[in-house]
Amino acid sequence: QVRMVESGGRLVQAGGSLRLSCAGSGRTFSRDAMAWFRQAPGKEREFVAAITWIGGSTDYTEYADSVKGRFTISRDYAKNSMYLQMNNLKPEDTAVYYCAADLNNKLTRTPVDYEYWGQGTQVTVSS
């Protein structure tokens with residue numbers, strides 16, 4: 001059974017930092033594009049960041065404009081895991097954060113292109 005489990009979400013003050021983790025099991029995600037999405041109450045799920053292996057020891061990453069310069073996506077292939085380092089958090093970053101995997105390695109920003117999803121972890125940023 002393929003599983004993706006997020007962790008690391010909590011309540012933090014504005015300006016603070018958090019590191020989210022996504023642990024995969026039941027499948028090796030090394031050849032898949034992986035991404036973080038988030039969903040705030042009453043809003044659609046939105047793209048945050050994505051990462052994919054492009055050869056050798058090189059990853060390619062993309063970020064939503066709203067998080068560029070503040071968030072960093074990374075992955076540990078040996079641990080089949082992905083991370084999101086979030087710095088200078090703002091109240092508008094409050095949402096449930098989900099990790100996802102795209103088996104076709106397309107690195108898209110569209111949720112429907114991702115086949116596997118975690119259950120989400122809540123990030124709340126207080127002002």
Side-chain angles (χ1 to χ4, degrees):
Q1 182 182 4
V2 177
R3 293 189 67 199
M4 302 179 74
V5 179
E6 303 94 337
S7 62
R10 62 176 177 87
L11 173 65
V12 63
Q13 288 188 334
S17 298
L18 281 178
R19 186 182 190 231
L20 304 184
S21 299
C22 173
S25 62
R27 172 186 172 85
T28 299
F29 293 101
S30 58
R31 292 295 186 267
D32 304 333
M34 297 184 73
W36 289 96
F37 289 81
R38 67 187 182 186
Q39 189 166 18
K43 295 187 177 181
E44 294 186 350
R45 192 166 297 190
E46 67 172 357
F47 170 80
V48 175
I51 186 169
T52 188
W53 176 76
I54 59 173
S57 59
T58 304
D59 288 325
Y60 175 76
T61 58
E62 284 192 5
Y63 297 90
D65 288 344
S66 59
V67 307
K68 199 172 295 183
R70 300 188 297 123
F71 291 9
T72 302
I73 188 171
S74 63
R75 62 196 297 179
D76 185 329
Y77 290 93
K79 295 182 178 180
N80 207 29
S81 296
M82 178 177 66
Y83 308 96
L84 185 68
Q85 177 66 42
M86 305 187 294
N87 298 328
N88 191 21
L89 283 160
K90 304 175 181 180
E92 51 263 42
D93 295 319
T94 295
V96 177
Y97 283 71
Y98 299 90
C99 63
D102 169 18
L103 307 188
N104 295 310
N105 197 29
K106 297 189 301 294
L107 197 81
T108 79
R109 300 187 178 209
T110 307
V112 296
D113 289 332
Y114 290 80
E115 290 84 3
Y116 292 113
W117 291 84
Q119 82 291 345
T121 185
Q122 176 70 48
V123 172
T124 303
V125 184
S126 63
S127 57

Original post:
What residues, two or more places apart in sequence or in another chain, satisfy salt bridge (charged side-chain N to carboxylate O under 4.0 Å, His left out) together with Lys79?
Top reply: none
Subject >> Met82/Phe29 under side-chain contact (heavy atoms from CB on, under 4.5 Å): CA gap, chis, key distance, verdict >> reply: CA-CA 10 Å; Met82 178 177 66; Phe29 293 101; over 6 Å; no
Original post:
Roughly how far apart are Asp32 CG and Arg75 CZ, rounded to 0.5 Å?
Top reply: 7.0 Å
Subject >> Residue pairs fulfilling salt bridge (charged side-chain N to carboxylate O under 4.0 Å, His left out) with at least one residue in residues 109-125, sequence neighbours excluded >> reply: Glu62-Arg109
Original post:
Do you reckon Tyr83 sits in the same ILVMFWY cluster as Val67, going by side-chain contacts under 4.5 Å, direct or chained?
Top reply: no
Subject >> Nearest heavy atoms of Tyr63 and Ile73, plus distance in Å >> reply: OH-N, 2.9 Å
Subject >> Residues which pass side-chain contact (heavy atoms from CB on, under 4.5 Å) with Thr28, listed by chain and number, not counting sequence neighbours >> reply: Ser30, Asn80
Subject >> Other ILVMFWY residues reachable from Tyr60 by side-chain steps of under 4.5 Å >> reply: Ile54, Leu107
**OP:** List for me each residue that meets side-chain hydrogen bond (donor to acceptor under 3.5 Å, both in side chains) alongside Thr61, sequence neighbours excluded, and say none if there are none.
**Re:** none
Original post:
Can you get from Met34 to Val2 by hopping between Ile, Leu, Val, Met, Phe, Trp and Tyr side chains that sit under 4.5 Å apart?
Top reply: yes
**OP:** Would you mind listing the cluster partners of Phe37? Hydrophobic ones only (ILVMFWY), side-chain contacts under 4.5 Å, chaining allowed.
**Re:** Phe47, Val96, Tyr98, Tyr114, Trp117
Original post:
If you look only at pairs with a residue in residues 50-60, which of them pass as a salt bridge (charged side-chain N to carboxylate O under 4.0 Å, His left out), with sequence neighbours excluded?
Top reply: none
Original post:
Parallel, tilted or perpendicular: which fits the ring planes of Phe71 and Tyr97, with parallel below 30° and perpendicular above 60°?
Top reply: tilted
**OP:** Mind jotting down which residue pairs meet the disulfide bond (SG atoms under 2.5 Å apart) criterion with at least one end in residues 55-90? Sequence neighbours excluded, please.
**Re:** none
Original post:
Between atom OG1 of Thr52 and atom CG of Asn104, what is the distance when rounded to the nearest 0.5 Å?
Top reply: 11.0 Å
Original post:
Among pairs that include at least one residue of residues 36-58, which meet salt bridge (charged side-chain N to carboxylate O under 4.0 Å, His left out), considering only residues two or more places apart or in two chains?
Top reply: Arg38-Glu46, Arg38-Asp93
Original post:
Shortest non-hydrogen contact from Arg27 to Leu103?
Top reply: NE-CD2, 3.3 Å
Subject >> Candidate pair Met86 and Arg70, rule side-chain contact (heavy atoms from CB on, under 4.5 Å), full reasoning >> reply: CA-CA 6 Å; Met86 305 187 294; Arg70 300 188 297 123; over 6 Å; no
Original post:
Within the distance-only criterion (no hydrogens, no angle test), does the side chain of Glu6 pair as donor or acceptor with the backbone N or O of Cys99 below 3.5 angstrom?
Top reply: yes
List the atom pairs, donor and acceptor, that lie under 3.5 Å between side-chain atoms in residues 12-25 and the rest of the protein, sequence neighbours left out.
from	atom 1	to	atom 2	distance (Å)
Ser17	OG	Asn87	OD1	3.0

Subject >> Nearest-0.5 Å distance that lies between atom CD in Gln122 and atom CD in Gln39 >> reply: 11.0 Å
Original post:
When Ile, Leu, Val, Met, Phe, Trp and Tyr are grouped by side-chain heavy atoms lying under 4.5 Å apart, directly or through other members, which residues fall in the same group as Trp53?
Top reply: Tyr77
Original post:
In chain order, what residues pass the salt bridge (charged side-chain N to carboxylate O under 4.0 Å, His left out) check against Arg10, with sequence neighbours excluded?
Top reply: none
**OP:** Measure across Ser126 and Leu11 and return the closest heavy-atom pair with its distance rounded to 0.1 Å.
**Re:** CB-CD1, 4.2 Å
